[in-house]
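Everything below concerns the one structure shown next.
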Amino acid sequence: MAFYQDIAVDLRKQIIDGVYPKNSRLPNQAELAKLYTTSRVTIQKALKILQIEGLIEGRQGSGSYVKGPESVYDYDASIYGGMTKKLGHLGNLNSKIISFGVTFPSEKDQEKLKIGKNDPIYDIIRLRMLDDEPLAIEYTVMPVLLIPGISEEILKSSIYQYIQEDLHLKFGQSHRRIKADKPDQYDIEYLHCQPDDPVLEIEQTVYLENDQPFEYSQTRHRYDKGDITIVNKSSRHIYRL
């Protein structure tokens, strides 16, 4: 991630945490450049991201002012690193293990993970909670031989942190598909959805730096727990879902 993106992530966190409340003015570009030990050009790129996301607005001759977020649960899906990185700073983010075991992959799992039918996989279902409020259910499969050593203790914290810090593996690209769905029995039981509530599902395949897929997952979100934004950094467009 480029440094201006890191700065945008840090400023976004401070806005969400209330360090810079709604309608307050951010430090000017020179002050931010000094704070982050960088150039004003880098600061301008970071602020541009936040403007595109609708978190701040520039007022000519006055500076940048905070507009949002609309919900403390809003997060940018283009920030990579899992839910812990995206929302963990908001409070106590933890996981309840619904089921965890090792099995053999389905044909779809084989296709998504580029593995054979006899290659074992972890089959994981977790309820992600923030300050004891249900946020999402994650259905995840990972190759055991590629990501060894996953335990219930790791599942209750951050799988991605374990992969990066303990296995010393580096992440590459990810492919996501987002769709709306009707709630299933798990959504009703664990997310406390009503039978007619909409559910937002993110299906994704995540790759290591060498383009080997290590995760195929579906994450199902309550409709009323904030928005998910997708930032297209090449064309500078933002899409809010």
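Quick caveat: nothing in here was measured; it's all calculated off a predicted structure.
Through chains of ILVMFWY side-chain contacts below 4.5 Å, Y186 is grouped with I98, I125, L127, M129, I137, Y139, Y190, L191.
Linking Ile, Leu, Val, Met, Phe, Trp and Tyr residues whenever their side-chain heavy atoms come within less than 4.5 Å leaves I159 and V141 in two separate clusters. The same ILVMFWY cluster, assembled from side-chain heavy atoms under 4.5 Å apart, contains both I154 and V102. Residues M142 and Y162 are members of one and the same hydrophobic cluster, defined by side-chain heavy-atom contacts under 4.5 angstrom among Ile, Leu, Val, Met, Phe, Trp and Tyr.
Side chains of S217 and E215: a donor-acceptor N/O pair is present below 3.5 angstrom, by distance only. Inspection of the D10 and Y36 side chains reveals an N or O donor paired with an N or O acceptor under 3.5 Å.
With sequence neighbours left out, F100 forms a side-chain contact (heavy atoms from CB on, under 4.5 Å) with I97, Y122, I124, I150, E152, L155. Scored by the side-chain contact (heavy atoms from CB on, under 4.5 Å) test, Q194 finds D196, D197 as partners (sequence neighbours excluded). Listed by chain and number, the residues in a ring-ring contact (aromatic ring centres under 6.0 Å, His included) with H192 amount to none (sequence neighbours excluded). In terms of the salt bridge (charged side-chain N to carboxylate O under 4.0 Å, His left out) criterion, K170 has no residue partners (sequence neighbours excluded). In this structure, S24 has no side chain to side chain donor-acceptor pair (under 3.5 Å) partners at least two apart in sequence or on a different chain. For D181, the side-chain contact (heavy atoms from CB on, under 4.5 Å) partners two or more places apart in sequence, or in a different chain, are R220. Take S106 and apply the side chain to side chain donor-acceptor pair (under 3.5 Å) test, not counting sequence neighbours, and it matches D109. By the side chain to side chain donor-acceptor pair (under 3.5 Å) test, E165 pairs with Q161, sequence neighbours left out. For P183, the side-chain contact (heavy atoms from CB on, under 4.5 Å) partners are D187, I188, C193, V199, not counting sequence neighbours. Every side chain to side chain donor-acceptor pair (under 3.5 Å) that K108 has, sequence neighbours left out, goes to E203, Y216.
In this structure, CZ in R40 is found 14.0 Å from NZ in K34, a value given to the nearest 0.5 Å. From L50, atom CG reaches atom NZ of K45 across 15.0 Å, with rounding to the nearest 0.5 Å. From E201, atom CD reaches atom NZ of K182 across 15.0 Å, with rounding to the nearest 0.5 Å.
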Problem - Evaluation steps, side chain to side chain contact (heavy atoms under 4.5 Å, CB included), between K48 and Y4 - result: CA-CA 10 Å; K48 184 64 175 179; Y4 72 88; over 6 Å; no
Exercise for the section: Begin with the C-alpha distance, continue with both residues' side-chain angles, and end with the deciding distance and a verdict on side chain to side chain contact (heavy atoms under 4.5 Å, CB included) for I115 and L146. Expected result: CA-CA 10 Å; I115 57 176; L146 187 63; over 6 Å; no
Practice task
Apply side chain to side chain contact (heavy atoms under 4.5 Å, CB included) to R128 and E138, showing your working.
Solution key: CA-CA 7 Å; R128 307 306 300 273; E138 293 179 345; 3.2 Å; yes
Problem - side chain to side chain contact (heavy atoms under 4.5 Å, CB included) between L200 and Y223, worked out - result: CA-CA 6 Å; L200 187 66; Y223 78 97; over 6 Å; no
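Using cut-offs of 30° and 60° for the angle between ring planes, the F171 and F214 rings count as parallel.
L169 is listed as a side-chain neighbour of I147, based on a closest heavy-atom distance under 4.5 Å. Taking the side chain as every heavy atom from C-beta outward, L32 and I7 never approach each other to under 4.5 Å. Inter-residue side-chain proximity for I15 and K22 is flagged as unmet; no heavy-atom pair is nearer than 4.5 Å. Residues Y20 and P27 have side chains in contact (heavy-atom distance under 4.5 Å, counting atoms from C-beta outward).
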List the atom pairs, donor and acceptor, that lie under 3.5 Å between side-chain atoms in residues 55-62 and the rest of the protein, sequence neighbours left out.
| unit_1 | atom_1 | unit_2 | atom_2 | d |
| --- | --- | --- | --- | --- |
| E57 | OE2 | R59 | NE | 3.3 |
| E57 | OE2 | R59 | NH2 | 3.1 |
| S62 | OG | Y65 | OH | 2.7 |

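Put simply, the side chain of E133 never gets that close to the backbone of L130: no donor and acceptor are under 3.5 Å apart.
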